[in-house]
Undergrad: 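So that we are looking at the same thing, I have put the structure below in structure tokens.
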Amino acid sequence: MAKSSLGPGFDVSEIASMLSSMGIPRDFIEGAIHNPEQMMQMMQGIRRGNLQGSGDTLTIGRPNQAVLSREDRFLEQVKLFKANSARELRLPPIKITPLPRWRVLEEFTQFRPGGAYDIAAEFQKTHIRQTYIGMSQTFSQKELDDLERITLSEMLIRKTHNGSYFLCRVISKSMRLVAVSVAVEDPCGDVTKVAIYNYPCTFDASVEETDRLFPIGSILAIREPTYKFAVNGDHPMVRIDSPSDIIFIDSDSELLRGVHWTTGSIFGDAPKHPLTSEGWRTRGVEDFKAKRWLSAAICFTEGLKLDPSHHVLRLNRAEACLRLGWFNSALGDADEVLKAGVVDENLSRKAVFRAAKASYMIGKYARAMELAALRPNDNECHQWASKAQQRMHESSTGEYDWCLLFRESQRPAARPDVADYTGPVEVKKRSGLKGVRGVFVTRDVKIGELLMVSKPIASDYPEDNPNNGKEMFLSFNFLTDKICERSRFVIITRIVQKIWDDSNLASTLRSMFAGPNCATPLPYPALPADVPKRFHPQKPVCNIDITRVEGVASFNSFTLQPLEFVAGTKTINAKKDTGSFYGDVMVIRASQNLRKDDEVTVEYFPGCSSLEDRDKRTHWKFICDCALCAADRADDCSVRSSLVSDWSPSTTVPEAEKILMRVKETYGDHAERRRCGTKPDLFIAYRILADAYKRQAHQNLRYCKLAIEARMNSLESIGMVITDRSILGRIKQKNSLPVDITRGPTHYIYLCTMSVITVVAAFNALGEARRARNWLKVAVWLEDIHVGGGKALFVLRFTPILQDLHLMHVLEENI
């Protein structure tokens, strides 16, 4: 451990790690640690945002000058972390002497808010947090009664102590970066740091809240503890990745019989706990008003221990559980009050309301309607019956109010309230591939038919971040081998919080692919799990396999691409065709006619991605065998994507024609391409040419016709079949669309719609009113087969751009 002039026995590893993650060279950090004046100068430079450096140098200069690349520095740290982890794995477990009490406690004193070196106070503008995903982790599946007690001095560093539990009590206030850390002592008086990851409600919690969740004096039993050195230091700690490994022990527990704490009773910083149920209720209400939902639920639980028939406490806990998303527990509490037959009108109403709401939130719609019927004249209770009836209709028919759903999805951090729907699809094993499953249609399906509507297990938006703009979060995922944004880590913590109350969700996770390091998934759908009858907010309903949670989150997550209003000045970029997102709700429709037992697939990467990029970026541990990838492998396509990126808004017609010719040359005429039937980069090349023609159309209408032809060619290059390519003269079939409506585009669906609208504008400019109307119907059809909602949703989304292009009269004539 480095010696520091910052304070007696000061442990520098935490601050060194954080400063290093900001791109500050190691030698500068070491110098500052031994020089308080230099340290303060560096802190002030960071706070003003005018730190700069390159290589192994760092200076404090003018504001707004370039700052060291934090991501590059973080990747260097990742390399060091990998090397250190590999070295630790090679080294044998050894016994070490626990650190002195004062040295462990010093860290918590210095880094707490208001401490001498309070990082959060110094980094007012940007709070740095970093962590790793996908490391080797453990979780205990054994009951506490089946484990033997172990003391700190008996533990070996670099070892998970299977078959043992570590009894300890909290002796310090908490710290929180990513994990919540506390200092603990065992009955022998030996002290260590405990780092607790993934505990509910702690990721963005204040230290005031984490102090309440892990108060001084709390007695913990840590099942099968892992004792190791910290990531960026040589000080030992007990690391807890699965929060289900922590058991809070009551002071009168049989487990403590004969246990003697050599240091005596806990000192004065320990909070005084209420002695009555009313005292716990008062404290719980205080926490509830401060939005400390978990702390409030714990207080109400402690009060119920003293008075199990206290209906107010039970209903208060039900409401806290509703805020936590623990709907099963909320329903259990509210039901228990109803079963008790309370006569108080206010309590009865609250019990019905909360039971109905909890039932609704877990999809027990019939139960929600039954409960609401208990109070037929109560409008607030009746809302759950009304909403439940609508959800039941959606889930059984697949009929949704798409316009309303779209409007709801335009709100910040939108999570529309709809029911899941499963259409004519099922999950089953793919033939010829051992253990690989897919989604298949159970009957013939027509293009545009709704296949599924699915709400996520967990979602996250930038707007959800209470520290937005005030922190930089860096995470490296060893499962995907890349830096992850904050949302990817937050989703893991949210899944853990949902599992806390929902054993059925844990069963579902066990049926999902979680990567090569996890056991083969169980059959899907998962069988219903037993739900414990007794609930305690500090004890999850099942053991939490954090390795599987991280794997599921890493291999089964999607980046949200919500539908938007399409404005005339807005450029629509190519997106992955994974279906449509209404807020965080995914909607999957058939993009072509399917025959029974055909597999339903979605894009992992946009079709515009190069084959090299697709193969390099995949972390699903398989080589894609889709028709497009197979066809691209048969071509020499190494330069194809770079060709279509070589253009600008001023690209001339000759330049665009040259790009088109060169792109065409990269596509071969072979069986794989004919089977694929699509050339995504050719779609872009034709669009570039069409735009170049369009810029010349004001000089000569011939270019307007050429632009229409290029647009049609672009559509055909991604699978559409145009049945009437005529531009002037007689229309072949006046009442039919000029495209084959059994074949939709395979890629670029958003851009397809915009291309068609551009064709409508061109026909309108040529005075071809009927053709303009027919092609606008094609645009409506394209949107309908992809996002649904028919003409009504099309009008809602595309009116701005149609107004901008002076096409509203064409729309009105169509409708």
Side-chain angles (χ1 to χ4, degrees), residues 138-155 160-171 182-192 194 196 199-200 212-227 238 240 242-267 270-277 279-280 294-295 297-310 313-314 317 329 332-333 336 500-501 503 530-544:
T138 62
F139 79 107
S140 179
Q141 301 183 69
K142 294 184 178 179
E143 295 296 326
L144 199 56
D145 291 342
D146 297 328
L147 301 174
E148 296 292 330
R149 183 156 68 91
I150 190 172
T151 63
L152 190 63
S153 63
E154 293 171 328
M155 286 195 209
T160 297
H161 296 79
N162 296 321
S164 302
Y165 73 89
F166 176 49
L167 184 67
C168 58
R169 64 180 179 183
V170 178
I171 61 170
V182 292
V184 302
E185 67 173 1
D186 68 5
C188 299
D190 289 323
V191 175
T192 190
V194 171
I196 306 162
Y199 202 84
R212 287 175 179 256
L213 295 177
F214 300 94
I216 292 175
S218 297
I219 301 175
L220 311 176
I222 301 172
R223 297 187 295 164
E224 301 188 305
T226 298
Y227 197 37
V238 173
I240 302 169
S242 175
S244 59
D245 290 347
I246 303 173
I247 308 293
F248 282 81
I249 305 299
D250 290 335
S251 58
D252 59 353
S253 169
E254 285 292 316
L255 198 71
L256 298 179
R257 179 177 294 181
V259 173
H260 173 68
W261 300 89
T262 59
T263 56
S265 60
I266 289 294
F267 34 84
K272 290 185 171 65
H273 295 307
L275 300 177
T276 65
S277 59
W280 280 112
L294 179 52
S295 182
I298 292 170
C299 289
F300 299 140
T301 301
E302 291 300 317
L304 284 168
K305 288 180 182 178
L306 299 175
D307 184 358
S309 63
H310 198 307
L313 279 171
R314 197 167 296 281
R317 188 172 71 173
S329 302
D333 275 340
E336 191 153 335
W500 207 263
D501 166 78
S503 51
D530 293 331
V531 178
K533 294 183 179 180
R534 295 189 63 188
F535 165 73
H536 193 294
Q538 291 172 314
K539 182 177 175 57
V541 296
C542 61
N543 296 316
I544 298 174

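The basis for the numbers below is simple: all heavy atoms, side chains too, and nothing from hydrogens, waters or symmetry mates. Numbering of residues begins at 1 and proceeds along the displayed sequence.
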Undergrad: Return the set of residues passing side chain to side chain donor-acceptor pair (under 3.5 Å) with E224 (not counting sequence neighbours), or none when no residue passes.
TA: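 Result, side chain to side chain donor-acceptor pair (under 3.5 Å) vs E224: S140.
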Undergrad: So, for A221 and L255, which heavy atoms are closest and what is the spacing to 0.1 Å?
TA: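 Reported closest heavy-atom pair: CB-CD2, 4.4 Å.
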Undergrad: Return the CD1 to CG distance between I249 and L144, rounded to the nearest 0.5 Å.
TA: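 I249 CD1 to L144 CG: 5.5 Å, rounded to 0.5 Å.
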Undergrad: Holding to salt bridge (charged side-chain N to carboxylate O under 4.0 Å, His left out), I want the full list of residues that pass it with E254, two or more places apart in sequence or in another chain.
TA: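 For E254 the salt bridge (charged side-chain N to carboxylate O under 4.0 Å, His left out) partners, ignoring immediate neighbours, are R257.
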Undergrad: Nearest heavy-atom pair of I544 and P243: which atoms, and what distance?
TA: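 That closest heavy-atom pairing would be CD1-CG, 4.5 Å.
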Undergrad: Quick one: pull up CG in N162 and CG in L147 and give me the separation to the nearest 0.5 Å.
TA: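 The distance works out to 9.5 Å.
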Undergrad: Taking side chain to side chain donor-acceptor pair (under 3.5 Å) as the test, write out the residues that go with T263, two or more places apart.
TA: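 Partners of T263 under the side chain to side chain donor-acceptor pair (under 3.5 Å) test: R169, E185.
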Undergrad: Please check if the side chain of D186 supplies one atom and the backbone of C188 the other of a donor-acceptor pair under 3.5 Å.
TA: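 Confirmed, D186 side chain pairs with C188 backbone.
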Undergrad: Got a sec, which residues hit side chain to side chain contact (heavy atoms under 4.5 Å, CB included) with T276, two or more places apart in sequence or on another chain?
TA: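 For T276 the side chain to side chain contact (heavy atoms under 4.5 Å, CB included) partners, ignoring immediate neighbours, are E278.
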Undergrad: Does any N or O in the side chain of D333 come within less than 3.5 Å of the main-chain N or O of R317, such that one atom is a donor and the other an acceptor?
TA: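 No: the side chain of D333 does not pair with the backbone of R317.
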Undergrad: What residues form a side chain to side chain contact (heavy atoms under 4.5 Å, CB included) with P308, not counting sequence neighbours?
TA: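 So P308 forms no side chain to side chain contact (heavy atoms under 4.5 Å, CB included) with any residue.
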Undergrad: My understanding is that only residues two or more places apart in sequence, or in another chain, count here; which of them pass salt bridge (charged side-chain N to carboxylate O under 4.0 Å, His left out) with K539?
TA: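 So K539 forms no salt bridge (charged side-chain N to carboxylate O under 4.0 Å, His left out) with any residue.
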Undergrad: Before giving the answer on side-chain contact (heavy atoms from CB on, under 4.5 Å), spell out for M155 and T192 the whole-Å C-alpha distance, their side-chain angles and the decisive distance to 0.1 Å.
TA: CA-CA 12 Å; M155 286 195 209; T192 190; over 6 Å; no
Undergrad: Do R149 and Y165 make a side-chain contact, defined as non-hydrogen atoms from C-beta onward lying under 4.5 Å apart?
TA: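 Touching, per the 4.5 Å side-chain cut-off.
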Undergrad: Check side chain to side chain donor-acceptor pair (under 3.5 Å) between T138 and all other residues, then give those that pass, not counting sequence neighbours.
TA: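 None.
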Undergrad: Looking only at non-hydrogen atoms, find the nearest pair between I246 and L220 and report the distance.
TA: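 Looking at all heavy atoms of both residues, the closest pair is CG2-CD2, 4.1 Å.
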Undergrad: State the CG-CD distance between L294 and Q538, to the nearest 0.5 angstrom.
TA: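 The distance works out to 7.5 Å.
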Undergrad: Please list, chain by chain and in numerical order, all residues satisfying side chain to side chain donor-acceptor pair (under 3.5 Å) with E154, sequence neighbours excluded.
TA: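 By the side chain to side chain donor-acceptor pair (under 3.5 Å) rule, E154 matches T151.
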Undergrad: Taking all non-hydrogen atoms of both residues, which atom of F166 and which atom of V184 are closest, and how far apart?
TA: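 In terms of heavy atoms, the two residues are closest at CE2-CG2, 4.0 Å.
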Undergrad: Would a 4.5 Å heavy-atom cut-off, applied to side chains only, mark P225 and I240 as touching?
TA: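 Answer no - side chains too far apart.
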Undergrad: Side-chain contact, heavy-atom cut-off 4.5 Å: I222 with C168?
TA: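 Side-chain contact under 4.5 Å: yes.
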Undergrad: What's the separation between atom CG in L167 and atom CD1 in I150, rounded to the nearest 0.5 Å?
TA: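 These two atoms lie 12.0 Å from each other.
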Undergrad: With sequence neighbours left out, write down each residue that passes side chain to side chain contact (heavy atoms under 4.5 Å, CB included) with D307, or none if nothing qualifies.
TA: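 D307: side chain to side chain contact (heavy atoms under 4.5 Å, CB included) contacts with S277, S309, H310.
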Undergrad: So does T226 get a backbone contact from the side chain of T160, meaning a donor-acceptor N/O pair under 3.5 Å?
TA: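 No, the answer is negative, given that no donor and acceptor are paired below the 3.5 Å cut-off.
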Undergrad: Working to the nearest 0.5 Å, report the span between CZ of F535 and CG of D501.
TA: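 CG of D501 is found 6.5 Å from CZ of F535.
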Undergrad: Can you check whether V170 reaches V194 side chain to side chain, under 4.5 Å on heavy atoms?
TA: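 Of all side-chain heavy-atom pairs linking V194 with V170, none is under 4.5 Å.
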Undergrad: My understanding is that only residues two or more places apart in sequence, or in another chain, count here; which of them pass ring-ring contact (aromatic ring centres under 6.0 Å, His included) with H273?
TA: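 Testing H273 for ring-ring contact (aromatic ring centres under 6.0 Å, His included), a comparison that skips the adjacent residues, returns W280.
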Undergrad: Under the ring-ring contact (aromatic ring centres under 6.0 Å, His included) rule, collect the residues that match up with Y199, sequence neighbours excluded.
TA: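 Only F214, W500 meet the ring-ring contact (aromatic ring centres under 6.0 Å, His included) criterion with Y199.
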Undergrad: Find the distance between CD (Q141) and CG (D146) and round it off to the nearest 0.5 Å.
TA: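 One finds 12.5 Å between CD of Q141 and CG of D146.
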Undergrad: Show the nearest heavy-atom pair for residues C542 and S244, with the distance to one decimal.
TA: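 Between these two residues, the closest heavy atoms are O-CB, 4.0 Å.
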